[in-house]
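Below is one structure, written out as C-alpha coordinates; comments come after it.
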Protein chains: 2
Amino acid sequence: MQTLSTEDYLKAIYHVSQSSSGAVATTSIAKQIGAKPSSVTDMFKKLSDQNLVKYQKYQGVSLTNEGVKTALRIIRKHRLWESFLVSHLNFNWDEVHQVAEQLEHIQSEKLTNELERFLDYPTHDPHGDPIPNRALFMKTYNKILLNELPVNKEGVCVGVKDNSSNFLRYLDRRQIGIGTPLQVLHREDFDDSLHIQAGKSTLMITIKIAENIYVKP
Amino acid sequence: MQTLSTEDYLKAIYHVSQSSSGAVATTSIAKQIGAKPSSVTDMFKKLSDQNLVKYQKYQGVSLTNEGVKTALRIIRKHRLWESFLVSHLNFNWDEVHQVAEQLEHIQSEKLTNELERFLDYPTHDPHGDPIPNRALFMKTYNKILLNELPVNKEGVCVGVKDNSSNFLRYLDRRQIGIGTPLQVLHREDFDDSLHIQAGKSTLMITIKIAENIYVKP
DNA sequence: TAACAAATTTAGATATATCTAAATTTTATT
DNA sequence: AATAAAATTTAGATATATCTAAATTTGTTA
Ligand SMILES: [Mn+2]
Ligand SMILES: [Mn+2]
Ligand SMILES: [Mn+2]
Ligand SMILES: [Mn+2]
(Lines give C-alpha, C1' and ligand atoms only; values in the text may rest on other atoms or scores of the structure.)
(Ligands and ions follow the chains in the order given, each with its own letter.)
Protein backbone atom coordinates (compact mmCIF):
# COMPACT_ATOMS: atom_id res chain seq x y z
CA MET A 1 0.00 0.00 0.00
CA GLN A 2 1.04 3.57 -0.69
CA THR A 3 2.15 5.93 2.03
CA LEU A 4 0.55 9.35 2.11
CA SER A 5 3.79 10.92 1.02
CA THR A 6 4.19 8.54 -1.92
CA GLU A 7 0.79 9.57 -3.19
CA ASP A 8 1.59 13.27 -2.99
CA TYR A 9 4.79 12.68 -4.93
CA LEU A 10 3.00 10.82 -7.70
CA LYS A 11 0.48 13.61 -7.95
CA ALA A 12 3.22 16.22 -8.06
CA ILE A 13 5.05 14.32 -10.80
CA TYR A 14 1.84 14.04 -12.78
CA HIS A 15 1.10 17.75 -12.55
CA VAL A 16 4.61 18.85 -13.42
CA SER A 17 4.75 16.46 -16.36
CA GLN A 18 1.48 17.91 -17.67
CA SER A 19 2.81 21.46 -17.74
CA SER A 20 6.16 20.64 -19.32
CA SER A 21 7.56 18.15 -21.78
CA GLY A 22 10.15 15.45 -21.22
CA ALA A 23 11.25 13.92 -17.94
CA VAL A 24 10.41 15.53 -14.61
CA ALA A 25 13.42 17.02 -12.82
CA THR A 26 14.34 16.50 -9.21
CA THR A 27 14.27 20.20 -8.31
CA SER A 28 10.86 20.82 -9.83
CA ILE A 29 9.38 18.21 -7.53
CA ALA A 30 11.40 19.46 -4.58
CA LYS A 31 9.84 22.89 -5.07
CA GLN A 32 6.32 21.54 -5.50
CA ILE A 33 6.47 19.29 -2.44
CA GLY A 34 8.58 21.54 -0.27
CA ALA A 35 11.34 19.01 0.31
CA LYS A 36 15.06 18.96 -0.30
CA PRO A 37 16.34 17.55 -3.60
CA SER A 38 18.12 14.73 -1.77
CA SER A 39 14.82 13.59 -0.29
CA VAL A 40 13.27 13.69 -3.73
CA THR A 41 16.03 11.47 -5.07
CA ASP A 42 15.30 8.94 -2.33
CA MET A 43 11.62 8.95 -3.24
CA PHE A 44 12.40 8.60 -6.95
CA LYS A 45 14.30 5.42 -6.14
CA LYS A 46 11.47 4.12 -4.03
CA LEU A 47 8.88 4.84 -6.71
CA SER A 48 11.14 3.27 -9.30
CA ASP A 49 11.40 0.09 -7.21
CA GLN A 50 7.61 -0.06 -7.24
CA ASN A 51 7.56 0.47 -11.02
CA LEU A 52 5.52 3.64 -10.67
CA VAL A 53 8.13 5.77 -12.41
CA LYS A 54 10.94 5.23 -14.87
CA TYR A 55 14.03 6.75 -13.32
CA GLN A 56 17.44 7.32 -14.77
CA LYS A 57 20.10 8.85 -12.58
CA TYR A 58 20.55 12.56 -13.25
CA GLN A 59 17.81 12.42 -15.89
CA GLY A 60 14.66 12.77 -13.80
CA VAL A 61 11.56 10.58 -13.83
CA SER A 62 8.53 9.86 -15.95
CA LEU A 63 5.42 8.04 -14.75
CA THR A 64 4.81 4.49 -15.90
CA ASN A 65 1.30 3.47 -16.94
CA GLU A 66 0.77 2.19 -13.43
CA GLY A 67 2.11 5.46 -12.04
CA VAL A 68 -0.27 7.52 -14.15
CA LYS A 69 -3.18 5.38 -13.02
CA THR A 70 -2.24 5.78 -9.38
CA ALA A 71 -1.86 9.55 -9.78
CA LEU A 72 -5.23 9.82 -11.53
CA ARG A 73 -6.92 7.84 -8.78
CA ILE A 74 -5.68 10.40 -6.24
CA ILE A 75 -6.65 13.32 -8.48
CA ARG A 76 -10.08 11.77 -8.97
CA LYS A 77 -10.61 11.64 -5.23
CA HIS A 78 -9.20 15.14 -4.71
CA ARG A 79 -11.56 16.70 -7.22
CA LEU A 80 -14.61 14.72 -6.15
CA TRP A 81 -14.09 15.81 -2.56
CA GLU A 82 -13.59 19.44 -3.63
CA SER A 83 -16.88 19.24 -5.50
CA PHE A 84 -18.63 17.79 -2.48
CA LEU A 85 -17.29 20.46 -0.15
CA VAL A 86 -18.53 23.25 -2.41
CA SER A 87 -21.85 21.75 -3.47
CA HIS A 88 -23.02 20.37 -0.13
CA LEU A 89 -20.91 21.72 2.71
CA ASN A 90 -20.93 25.47 2.02
CA PHE A 91 -17.23 25.71 1.29
CA ASN A 92 -16.05 28.45 -1.02
CA TRP A 93 -13.82 27.42 -3.93
CA ASP A 94 -10.80 28.98 -2.29
CA GLU A 95 -11.20 26.90 0.91
CA VAL A 96 -11.37 23.39 -0.43
CA HIS A 97 -7.84 22.61 -1.48
CA GLN A 98 -6.25 22.05 1.92
CA VAL A 99 -9.01 19.72 3.09
CA ALA A 100 -9.09 17.80 -0.19
CA GLU A 101 -5.34 17.37 0.18
CA GLN A 102 -6.15 15.16 3.17
CA LEU A 103 -9.33 13.52 1.93
CA GLU A 104 -7.69 12.36 -1.30
CA HIS A 105 -5.73 9.79 0.71
CA ILE A 106 -8.73 7.94 2.14
CA GLN A 107 -8.62 4.37 0.92
CA SER A 108 -12.00 2.99 -0.11
CA GLU A 109 -13.09 2.36 -3.65
CA LYS A 110 -16.67 2.10 -2.55
CA LEU A 111 -16.46 5.49 -0.88
CA THR A 112 -15.06 7.14 -4.00
CA ASN A 113 -17.58 5.58 -6.35
CA GLU A 114 -20.54 6.26 -4.10
CA LEU A 115 -19.42 9.85 -3.62
CA GLU A 116 -19.29 10.20 -7.39
CA ARG A 117 -22.80 8.80 -7.71
CA PHE A 118 -24.08 11.03 -4.90
CA LEU A 119 -22.68 14.07 -6.74
CA ASP A 120 -24.32 12.80 -9.93
CA TYR A 121 -21.12 12.07 -11.83
CA PRO A 122 -19.61 15.54 -12.05
CA THR A 123 -17.17 16.08 -14.89
CA HIS A 124 -15.37 19.11 -13.48
CA ASP A 125 -14.36 20.33 -10.05
CA PRO A 126 -15.05 23.79 -8.60
CA HIS A 127 -11.95 25.17 -10.31
CA GLY A 128 -12.97 23.84 -13.70
CA ASP A 129 -10.49 20.98 -13.64
CA PRO A 130 -11.70 17.71 -15.16
CA ILE A 131 -12.57 14.81 -12.83
CA PRO A 132 -11.36 11.39 -13.98
CA ASN A 133 -14.28 8.96 -14.08
CA ARG A 134 -14.22 5.42 -12.73
CA ALA A 135 -12.21 4.29 -15.76
CA LEU A 136 -9.88 7.25 -15.09
CA PHE A 137 -10.94 8.96 -18.29
CA MET A 138 -11.22 12.76 -18.26
CA LYS A 139 -13.38 14.91 -20.48
CA THR A 140 -11.28 17.87 -21.55
CA TYR A 141 -12.57 20.63 -23.74
CA ASN A 142 -10.70 23.16 -25.81
CA LYS A 143 -9.84 26.05 -23.60
CA ILE A 144 -7.52 29.00 -24.01
CA LEU A 145 -6.25 31.66 -21.69
CA LEU A 146 -8.23 34.86 -21.55
CA ASN A 147 -5.28 36.84 -22.90
CA GLU A 148 -5.33 34.68 -26.01
CA LEU A 149 -9.00 35.39 -26.70
CA PRO A 150 -9.36 37.67 -29.76
CA VAL A 151 -10.84 41.10 -29.07
CA ASN A 152 -14.64 41.15 -29.14
CA LYS A 153 -14.91 37.39 -29.39
CA GLU A 154 -17.32 35.94 -26.81
CA GLY A 155 -16.14 33.31 -24.37
CA VAL A 156 -17.10 31.67 -21.10
CA CYS A 157 -14.88 31.20 -18.07
CA VAL A 158 -14.27 27.46 -17.69
CA GLY A 159 -11.38 27.33 -15.27
CA VAL A 160 -8.45 28.94 -13.53
CA LYS A 161 -4.76 28.24 -13.84
CA ASP A 162 -3.74 29.62 -10.46
CA ASN A 163 -5.66 27.96 -7.63
CA SER A 164 -4.40 30.16 -4.81
CA SER A 165 -6.84 31.58 -2.31
CA ASN A 166 -5.59 35.04 -3.14
CA PHE A 167 -6.43 34.78 -6.80
CA LEU A 168 -9.75 33.01 -6.29
CA ARG A 169 -10.91 35.63 -3.84
CA TYR A 170 -9.86 38.35 -6.27
CA LEU A 171 -12.14 36.74 -8.84
CA ASP A 172 -14.95 36.52 -6.29
CA ARG A 173 -14.68 40.25 -5.69
CA ARG A 174 -14.86 40.89 -9.45
CA GLN A 175 -17.76 38.45 -9.67
CA ILE A 176 -15.93 36.22 -12.07
CA GLY A 177 -16.50 32.50 -11.67
CA ILE A 178 -16.91 29.31 -13.67
CA GLY A 179 -19.60 29.98 -16.26
CA THR A 180 -19.23 33.76 -16.34
CA PRO A 181 -19.39 35.11 -19.93
CA LEU A 182 -16.18 36.97 -20.75
CA GLN A 183 -15.20 39.18 -23.62
CA VAL A 184 -12.13 41.31 -24.33
CA LEU A 185 -13.32 44.80 -25.29
CA HIS A 186 -9.98 46.45 -25.73
CA ARG A 187 -6.36 45.53 -25.33
CA GLU A 188 -4.10 48.34 -24.15
CA ASP A 189 -0.78 47.72 -25.86
CA PHE A 190 1.15 50.15 -23.69
CA ASP A 191 0.82 48.15 -20.45
CA ASP A 192 -0.85 44.98 -21.75
CA SER A 193 -3.90 45.65 -19.64
CA LEU A 194 -7.32 44.50 -20.83
CA HIS A 195 -10.71 46.09 -20.81
CA ILE A 196 -13.17 43.24 -20.47
CA GLN A 197 -16.85 42.51 -20.22
CA ALA A 198 -17.51 40.09 -17.37
CA GLY A 199 -21.16 39.12 -17.13
CA LYS A 200 -22.98 42.44 -17.00
CA SER A 201 -20.13 44.61 -15.80
CA THR A 202 -17.12 45.95 -17.62
CA LEU A 203 -13.79 46.16 -15.88
CA MET A 204 -10.07 46.48 -16.32
CA ILE A 205 -7.63 43.68 -15.54
CA THR A 206 -3.88 43.22 -15.87
CA ILE A 207 -2.27 40.73 -18.20
CA LYS A 208 -1.27 38.63 -15.19
CA ILE A 209 -4.93 38.11 -14.31
CA ALA A 210 -5.82 37.29 -17.91
CA GLU A 211 -3.06 34.71 -18.05
CA ASN A 212 -4.69 32.73 -15.24
CA ILE A 213 -8.24 32.51 -16.52
CA TYR A 214 -9.29 29.79 -18.93
CA VAL A 215 -12.08 30.51 -21.38
CA LYS A 216 -13.95 28.45 -23.91
CA PRO A 217 -14.46 30.61 -27.01
CA MET B 1 -0.51 18.68 16.15
CA GLN B 2 -1.56 15.10 16.81
CA THR B 3 -0.22 12.22 14.80
CA LEU B 4 -2.74 9.72 13.50
CA SER B 5 -1.47 7.15 15.93
CA THR B 6 -1.76 9.51 18.90
CA GLU B 7 -5.41 10.05 18.08
CA ASP B 8 -6.14 6.34 17.89
CA TYR B 9 -4.49 5.84 21.27
CA LEU B 10 -6.57 8.57 22.90
CA LYS B 11 -9.70 7.05 21.47
CA ALA B 12 -8.71 3.59 22.69
CA ILE B 13 -8.00 4.93 26.18
CA TYR B 14 -11.36 6.67 26.20
CA HIS B 15 -13.25 3.55 25.20
CA VAL B 16 -11.46 1.28 27.64
CA SER B 17 -11.95 3.75 30.47
CA GLN B 18 -15.68 3.86 29.70
CA SER B 19 -16.08 0.12 30.06
CA SER B 20 -14.05 -0.29 33.24
CA SER B 21 -13.30 1.72 36.34
CA GLY B 22 -10.00 3.09 37.54
CA ALA B 23 -6.86 3.67 35.50
CA VAL B 24 -6.38 2.14 32.06
CA ALA B 25 -3.77 -0.60 31.96
CA THR B 26 -0.98 -0.90 29.44
CA THR B 27 -2.03 -4.34 28.21
CA SER B 28 -5.64 -3.40 27.63
CA ILE B 29 -4.54 -0.70 25.21
CA ALA B 30 -1.97 -2.98 23.63
CA LYS B 31 -4.75 -5.43 22.84
CA GLN B 32 -7.12 -2.76 21.52
CA ILE B 33 -4.52 -1.13 19.28
CA GLY B 34 -2.69 -4.28 18.28
CA ALA B 35 0.70 -3.12 19.52
CA LYS B 36 3.24 -4.46 22.00
CA PRO B 37 3.06 -3.31 25.62
CA SER B 38 6.44 -1.65 25.32
CA SER B 39 5.17 0.53 22.49
CA VAL B 40 2.16 1.45 24.58
CA THR B 41 4.42 2.53 27.42
CA ASP B 42 6.28 4.81 25.01
CA MET B 43 3.04 6.37 23.87
CA PHE B 44 1.82 6.80 27.45
CA LYS B 45 4.92 8.86 28.13
CA LYS B 46 4.39 10.92 25.02
CA LEU B 47 0.75 11.60 25.84
CA SER B 48 1.72 12.43 29.38
CA ASP B 49 4.25 15.00 28.13
CA GLN B 50 1.43 16.63 26.19
CA ASN B 51 -0.79 16.60 29.29
CA LEU B 52 -3.39 14.48 27.57
CA VAL B 53 -3.16 11.70 30.16
CA LYS B 54 -2.11 11.35 33.75
CA TYR B 55 0.45 8.58 33.89
CA GLN B 56 2.04 6.87 36.85
CA LYS B 57 4.60 4.20 36.17
CA TYR B 58 3.16 0.72 36.55
CA GLN B 59 -0.26 2.23 37.37
CA GLY B 60 -1.68 2.92 33.91
CA VAL B 61 -3.18 6.14 32.58
CA SER B 62 -6.30 8.22 32.86
CA LEU B 63 -7.32 10.97 30.46
CA THR B 64 -7.00 14.58 31.53
CA ASN B 65 -9.80 17.00 30.71
CA GLU B 66 -7.88 17.99 27.60
CA GLY B 67 -7.42 14.32 26.75
CA VAL B 68 -11.13 13.62 27.05
CA LYS B 69 -11.91 16.58 24.83
CA THR B 70 -9.46 15.43 22.19
CA ALA B 71 -10.86 11.88 22.28
CA LEU B 72 -14.41 13.16 21.98
CA ARG B 73 -13.49 15.31 19.00
CA ILE B 74 -12.24 12.20 17.19
CA ILE B 75 -15.26 10.16 18.23
CA ARG B 76 -17.53 12.98 17.06
CA LYS B 77 -15.94 12.87 13.62
CA HIS B 78 -15.95 9.07 13.50
CA ARG B 79 -19.66 8.83 14.22
CA LEU B 80 -20.65 11.72 11.96
CA TRP B 81 -18.81 10.11 9.07
CA GLU B 82 -20.38 6.72 9.81
CA SER B 83 -23.78 8.40 9.71
CA PHE B 84 -22.97 10.06 6.40
CA LEU B 85 -21.78 6.84 4.83
CA VAL B 86 -24.99 5.03 5.77
CA SER B 87 -27.47 7.83 5.11
CA HIS B 88 -26.08 9.16 1.83
CA LEU B 89 -23.51 6.77 0.38
CA ASN B 90 -25.36 3.44 0.52
CA PHE B 91 -23.02 1.85 3.05
CA ASN B 92 -24.40 -0.86 5.29
CA TRP B 93 -23.80 -0.45 9.04
CA ASP B 94 -21.27 -3.24 9.02
CA GLU B 95 -19.10 -1.56 6.35
CA VAL B 96 -18.57 1.88 7.81
CA HIS B 97 -16.14 1.33 10.62
CA GLN B 98 -12.94 0.83 8.65
CA VAL B 99 -13.52 3.90 6.49
CA ALA B 100 -14.54 6.06 9.45
CA GLU B 101 -11.35 4.95 11.13
CA GLN B 102 -9.53 6.93 8.44
CA LEU B 103 -11.96 9.82 8.02
CA GLU B 104 -11.94 10.61 11.74
CA HIS B 105 -8.40 11.97 11.36
CA ILE B 106 -9.22 14.66 8.80
CA GLN B 107 -8.38 18.02 10.32
CA SER B 108 -10.93 20.71 9.58
CA GLU B 109 -13.36 22.13 12.07
CA LYS B 110 -15.41 23.64 9.30
CA LEU B 111 -15.71 20.26 7.61
CA THR B 112 -16.92 18.58 10.79
CA ASN B 113 -19.44 21.25 11.64
CA GLU B 114 -20.78 21.53 8.11
CA LEU B 115 -21.09 17.76 7.88
CA GLU B 116 -23.08 17.82 11.09
CA ARG B 117 -25.36 20.51 9.69
CA PHE B 118 -25.72 18.65 6.40
CA LEU B 119 -26.81 15.54 8.32
CA ASP B 120 -29.23 17.71 10.32
CA TYR B 121 -27.51 17.35 13.68
CA PRO B 122 -27.84 13.61 14.24
CA THR B 123 -27.67 12.49 17.86
CA HIS B 124 -26.73 8.86 17.26
CA ASP B 125 -24.65 6.94 14.74
CA PRO B 126 -25.77 3.88 12.75
CA HIS B 127 -24.86 1.61 15.66
CA GLY B 128 -26.87 3.60 18.14
CA ASP B 129 -23.85 5.25 19.71
CA PRO B 130 -24.29 8.88 20.75
CA ILE B 131 -22.61 11.61 18.67
CA PRO B 132 -20.97 14.41 20.67
CA ASN B 133 -22.28 17.77 19.51
CA ARG B 134 -20.15 20.83 18.82
CA ALA B 135 -19.77 21.41 22.54
CA LEU B 136 -18.79 17.73 22.86
CA PHE B 137 -21.94 16.94 24.80
CA MET B 138 -23.61 13.57 24.19
CA LYS B 139 -27.25 12.71 24.68
CA THR B 140 -27.37 9.30 26.36
CA TYR B 141 -30.53 7.51 27.23
CA ASN B 142 -31.17 4.72 29.66
CA LYS B 143 -30.49 1.49 27.92
CA ILE B 144 -30.07 -2.06 29.12
CA LEU B 145 -28.89 -5.26 27.51
CA LEU B 146 -31.57 -7.44 26.00
CA ASN B 147 -30.77 -10.25 28.43
CA GLU B 148 -31.59 -7.89 31.30
CA LEU B 149 -35.02 -7.06 29.91
CA PRO B 150 -37.74 -8.67 32.07
CA VAL B 151 -39.84 -11.33 30.33
CA ASN B 152 -42.80 -9.90 28.40
CA LYS B 153 -41.67 -6.31 28.90
CA GLU B 154 -41.63 -4.35 25.64
CA GLY B 155 -38.46 -2.67 24.48
CA VAL B 156 -36.87 -1.15 21.39
CA CYS B 157 -33.43 -1.92 20.02
CA VAL B 158 -31.34 1.23 20.45
CA GLY B 159 -27.83 -0.05 19.92
CA VAL B 160 -25.32 -2.87 19.78
CA LYS B 161 -22.40 -3.60 22.04
CA ASP B 162 -20.40 -5.65 19.54
CA ASN B 163 -19.74 -3.71 16.34
CA SER B 164 -18.18 -6.53 14.35
CA SER B 165 -19.28 -7.17 10.79
CA ASN B 166 -20.10 -10.72 11.75
CA PHE B 167 -22.53 -9.74 14.45
CA LEU B 168 -24.10 -6.88 12.50
CA ARG B 169 -24.74 -9.12 9.52
CA TYR B 170 -26.25 -11.74 11.82
CA LEU B 171 -28.69 -9.08 12.99
CA ASP B 172 -29.44 -8.08 9.39
CA ARG B 173 -30.36 -11.67 8.59
CA ARG B 174 -32.68 -11.78 11.61
CA GLN B 175 -34.09 -8.39 10.57
CA ILE B 176 -33.06 -6.78 13.82
CA GLY B 177 -31.85 -3.19 13.63
CA ILE B 178 -31.96 0.12 15.46
CA GLY B 179 -35.63 0.82 16.17
CA THR B 180 -36.82 -2.77 16.00
CA PRO B 181 -39.32 -3.55 18.81
CA LEU B 182 -38.03 -6.40 20.96
CA GLN B 183 -39.61 -8.48 23.67
CA VAL B 184 -38.44 -11.53 25.59
CA LEU B 185 -41.17 -14.18 25.41
CA HIS B 186 -39.47 -16.93 27.31
CA ARG B 187 -36.15 -17.50 28.96
CA GLU B 188 -34.88 -21.09 28.81
CA ASP B 189 -32.98 -21.62 32.05
CA PHE B 190 -31.32 -24.83 30.93
CA ASP B 191 -29.15 -23.22 28.24
CA ASP B 192 -29.89 -19.53 28.85
CA SER B 193 -31.38 -19.22 25.39
CA LEU B 194 -34.17 -16.72 24.77
CA HIS B 195 -37.37 -16.86 22.81
CA ILE B 196 -37.99 -13.35 21.57
CA GLN B 197 -40.38 -11.29 19.54
CA ALA B 198 -38.49 -9.12 17.05
CA GLY B 199 -40.78 -6.87 15.06
CA LYS B 200 -43.36 -9.21 13.61
CA SER B 201 -41.42 -12.44 13.84
CA THR B 202 -40.56 -14.63 16.80
CA LEU B 203 -37.21 -16.31 17.03
CA MET B 204 -34.71 -17.96 19.30
CA ILE B 205 -31.38 -16.44 20.21
CA THR B 206 -28.53 -17.44 22.49
CA ILE B 207 -27.54 -15.51 25.58
CA LYS B 208 -24.42 -14.32 23.79
CA ILE B 209 -26.55 -12.52 21.22
CA ALA B 210 -28.79 -11.02 23.90
CA GLU B 211 -25.76 -9.71 25.74
CA ASN B 212 -24.80 -7.60 22.74
CA ILE B 213 -28.07 -5.86 22.00
CA TYR B 214 -29.07 -2.69 23.80
CA VAL B 215 -32.74 -1.99 24.35
CA LYS B 216 -34.69 0.90 25.77
CA PRO B 217 -37.51 -0.53 27.90
C1' DT C 1 5.87 -13.46 54.19
C1' DA C 2 8.53 -15.81 50.73
C1' DA C 3 8.32 -17.27 46.19
C1' DC C 4 6.31 -17.28 41.93
C1' DA C 5 3.63 -15.30 38.10
C1' DA C 6 2.00 -11.50 35.61
C1' DA C 7 2.36 -6.91 34.18
C1' DT C 8 5.13 -3.20 33.03
C1' DT C 9 9.20 -0.73 31.89
C1' DT C 10 13.88 -0.19 30.04
C1' DA C 11 17.57 -0.92 26.86
C1' DG C 12 18.91 -1.70 22.62
C1' DA C 13 17.87 -3.21 17.65
C1' DT C 14 15.59 -2.29 13.24
C1' DA C 15 13.16 0.37 9.92
C1' DT C 16 11.71 4.66 7.83
C1' DA C 17 11.86 9.51 6.61
C1' DT C 18 14.14 13.57 6.05
C1' DC C 19 17.87 16.62 6.50
C1' DT C 20 22.98 18.75 5.70
C1' DA C 21 27.20 18.65 3.51
C1' DA C 22 30.28 16.59 0.32
C1' DA C 23 30.96 14.28 -4.06
C1' DT C 24 29.59 13.53 -8.68
C1' DT C 25 27.47 14.43 -13.05
C1' DT C 26 25.38 17.41 -16.34
C1' DT C 27 24.78 21.83 -18.60
C1' DA C 28 26.22 26.34 -19.87
C1' DT C 29 29.84 29.64 -20.93
C1' DT C 30 34.06 31.29 -22.45
C1' DA D 1 37.48 21.88 -25.41
C1' DA D 2 38.29 23.63 -20.91
C1' DT D 3 36.23 25.63 -17.12
C1' DA D 4 32.56 27.27 -14.23
C1' DA D 5 27.93 26.87 -12.62
C1' DA D 6 23.93 24.26 -11.70
C1' DA D 7 21.68 20.08 -10.79
C1' DT D 8 21.73 15.76 -8.78
C1' DT D 9 23.25 12.02 -5.98
C1' DT D 10 25.64 9.91 -2.06
C1' DA D 11 27.08 9.53 2.64
C1' DG D 12 26.21 10.20 7.01
C1' DA D 13 23.40 12.57 10.88
C1' DT D 14 19.02 13.14 13.31
C1' DA D 15 14.40 12.04 14.52
C1' DT D 16 10.52 8.95 15.04
C1' DA D 17 8.11 4.62 15.59
C1' DT D 18 7.94 0.08 16.76
C1' DC D 19 9.81 -4.22 18.00
C1' DT D 20 12.45 -8.08 21.06
C1' DA D 21 14.56 -9.41 25.12
C1' DA D 22 16.03 -8.36 29.64
C1' DA D 23 15.16 -6.03 34.00
C1' DT D 24 12.01 -4.29 37.28
C1' DT D 25 7.80 -3.81 39.77
C1' DT D 26 3.40 -5.41 41.30
C1' DG D 27 0.04 -8.92 42.46
C1' DT D 28 -1.05 -13.68 43.91
C1' DT D 29 -0.54 -17.89 46.29
C1' DA D 30 1.40 -21.32 49.16
MN1 LIG E 1 -2.32 15.09 -0.14
MN1 LIG F 1 -9.40 21.76 -7.85
MN1 LIG G 1 -8.34 5.90 13.25
MN1 LIG H 1 -20.30 3.44 15.31
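Computed from a predicted model, the values in this text were never measured in an experiment. Below, chain A is the first sequence line, B the second, and so on; all start at residue 1.
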Below the 4.0 Å mark, does dA6(C) have OP1 or OP2 next to a side-chain nitrogen or oxygen of T26(B)?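 T26(B) to dA6(C) OP1/OP2: no side-chain N or O under 4.0 Å.
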Do any side-chain nitrogens or oxygens of T6(B) fall under 4.0 Å of OP1 or OP2 in dA17(D)?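 For dA17(D), OP1/OP2 do not have a side-chain N/O of T6(B) under 4.0 Å.
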Write down the distance between [atom1] ([X]) and [atom2] ([N]), rounded to a whole number of angstrom.
X: Y9(B); N: dT16(D); atom1: OH; atom2: C1'; result: 13 Å
X: K46(A); N: dT18(C); atom1: NZ; atom2: C1'; result: 11 Å
X: I29(A); N: dA7(D); atom1: CD1; atom2: P; result: 15 Å
X: L47(B); N: dA17(D); atom1: CG; atom2: P; result: 11 Å
X: F44(B); N: dA7(C); atom1: CZ; atom2: C1'; result: 12 Å
X: M43(B); N: dT16(D); atom1: CE; atom2: C1'; result: 11 Å
X: K45(A); N: dA17(C); atom1: NZ; atom2: C1'; result: 14 Å

Hey, could you give me each pair passing ring pair (Phe, Tyr, Trp, His ring centres under 6.0 Å) that has a residue in residues 22-42 of chain A? Not counting sequence neighbours.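 Those involving residues 22-42 of chain A do not exist here.
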Ring pair (Phe, Tyr, Trp, His ring centres under 6.0 Å) contacts in which one or both residues fall within residues 20-60 of chain A, not counting sequence neighbours: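 Non-adjacent pairs meeting ring pair (Phe, Tyr, Trp, His ring centres under 6.0 Å): F44(A)-Y55(A).
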When you compare the protein's N or O atoms with those of nucleotides 19-21 of chain D, which come within less than 3.5 Å of each other, and at what distance?
| residue | atom | partner | partner atom | Å |
| --- | --- | --- | --- | --- |
| dC19(D) | OP2 | K36(B) | N | 3.3 |
| dC19(D) | OP2 | S39(B) | OG | 2.4 |
| dT20(D) | O4 | S38(B) | OG | 3.0 |

Listed by chain and number, what are the ring-ring contact (aromatic ring centres under 6.0 Å, His included) partners of H88(B), not counting sequence neighbours?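 So H88(B) forms a ring-ring contact (aromatic ring centres under 6.0 Å, His included) with F118(A), F84(B), F118(B).
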Identify, with sequence neighbours excluded, every residue that meets ring-ring contact (aromatic ring centres under 6.0 Å, His included) alongside H127(A).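 None.
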Which salt bridge (charged side-chain N to carboxylate O under 4.0 Å, His left out) pairs, counting each pair once, include a residue from residues 20-29 of chain B, with sequence neighbours left out?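 Those involving residues 20-29 of chain B do not exist here.
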For DNA chain C, which residues of residues 12-21 of chain A approach it to below 4.0 angstrom with any heavy atom?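 Nothing qualifies; none.
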Can you find a side-chain donor-acceptor pair between E7(B) and Q107(B) that sits under 3.5 Å?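 Short answer, yes.
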Using a 3.5 Å distance criterion without hydrogens, assess whether the side chain of K110(B) forms a donor-acceptor pair with backbone atoms of N90(A).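 The answer is yes, because a donor-acceptor pair under 3.5 Å joins these two groups.
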Can you check whether N147(B)'s main-chain N or O pairs, donor with acceptor, with R187(B)'s side chain at less than 3.5 Å?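 Between the backbone of N147(B) and the side chain of R187(B) there is a qualifying donor-acceptor contact (under 3.5 Å).
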Listed pairs, N/O of protein and of nucleotides 23-28 of chain D, under 3.5 Å:
| residue | atom | partner | partner atom | Å |
| --- | --- | --- | --- | --- |
| dT25(D) | O4' | Y58(B) | OH | 3.4 |

NA contact type, Y55(B), heavy-atom cut-off 4.0 Å: base, sugar-phosphate, or nothing?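 The residue Y55(B) makes sugar-phosphate contact but no base contact.
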So which protein N/O to nucleotides 2-4 of chain C N/O distances come out below 3.5 Å?
none

Working to the nearest 0.5 Å, report the span between CD of Q102(A) and CD1 of I106(B).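 Taking CD in Q102(A) and CD1 in I106(B), the distance rounds to 5.0 Å.
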Would you give the length of the straight line joining atom CD1 of I74(A) to atom OG1 of T6(A), rounded to the nearest 0.5 angstrom?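 It is 9.5 Å, given to the nearest 0.5 Å.
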Taking side-chain hydrogen bond (donor to acceptor under 3.5 Å, both in side chains) as the definition, give me every residue that meets it alongside S165(A), ordered by chain and number, with sequence neighbours left out.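 S165(A): side-chain hydrogen bond (donor to acceptor under 3.5 Å, both in side chains) contacts with D94(A).
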Under the side-chain hydrogen bond (donor to acceptor under 3.5 Å, both in side chains) test, residues paired with S48(B) that sit two or more places apart: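 Not a single residue meets the side-chain hydrogen bond (donor to acceptor under 3.5 Å, both in side chains) criterion with S48(B).
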Can you name the salt bridge (charged side-chain N to carboxylate O under 4.0 Å, His left out) partners of E188(B), sequence neighbours left out?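 Not a single residue meets the salt bridge (charged side-chain N to carboxylate O under 4.0 Å, His left out) criterion with E188(B).
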Ring-face cation contact, Y141(A) with K216(A), 6.0 Å cut, 45° max: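 The answer is yes; both the distance and angle limits are met.
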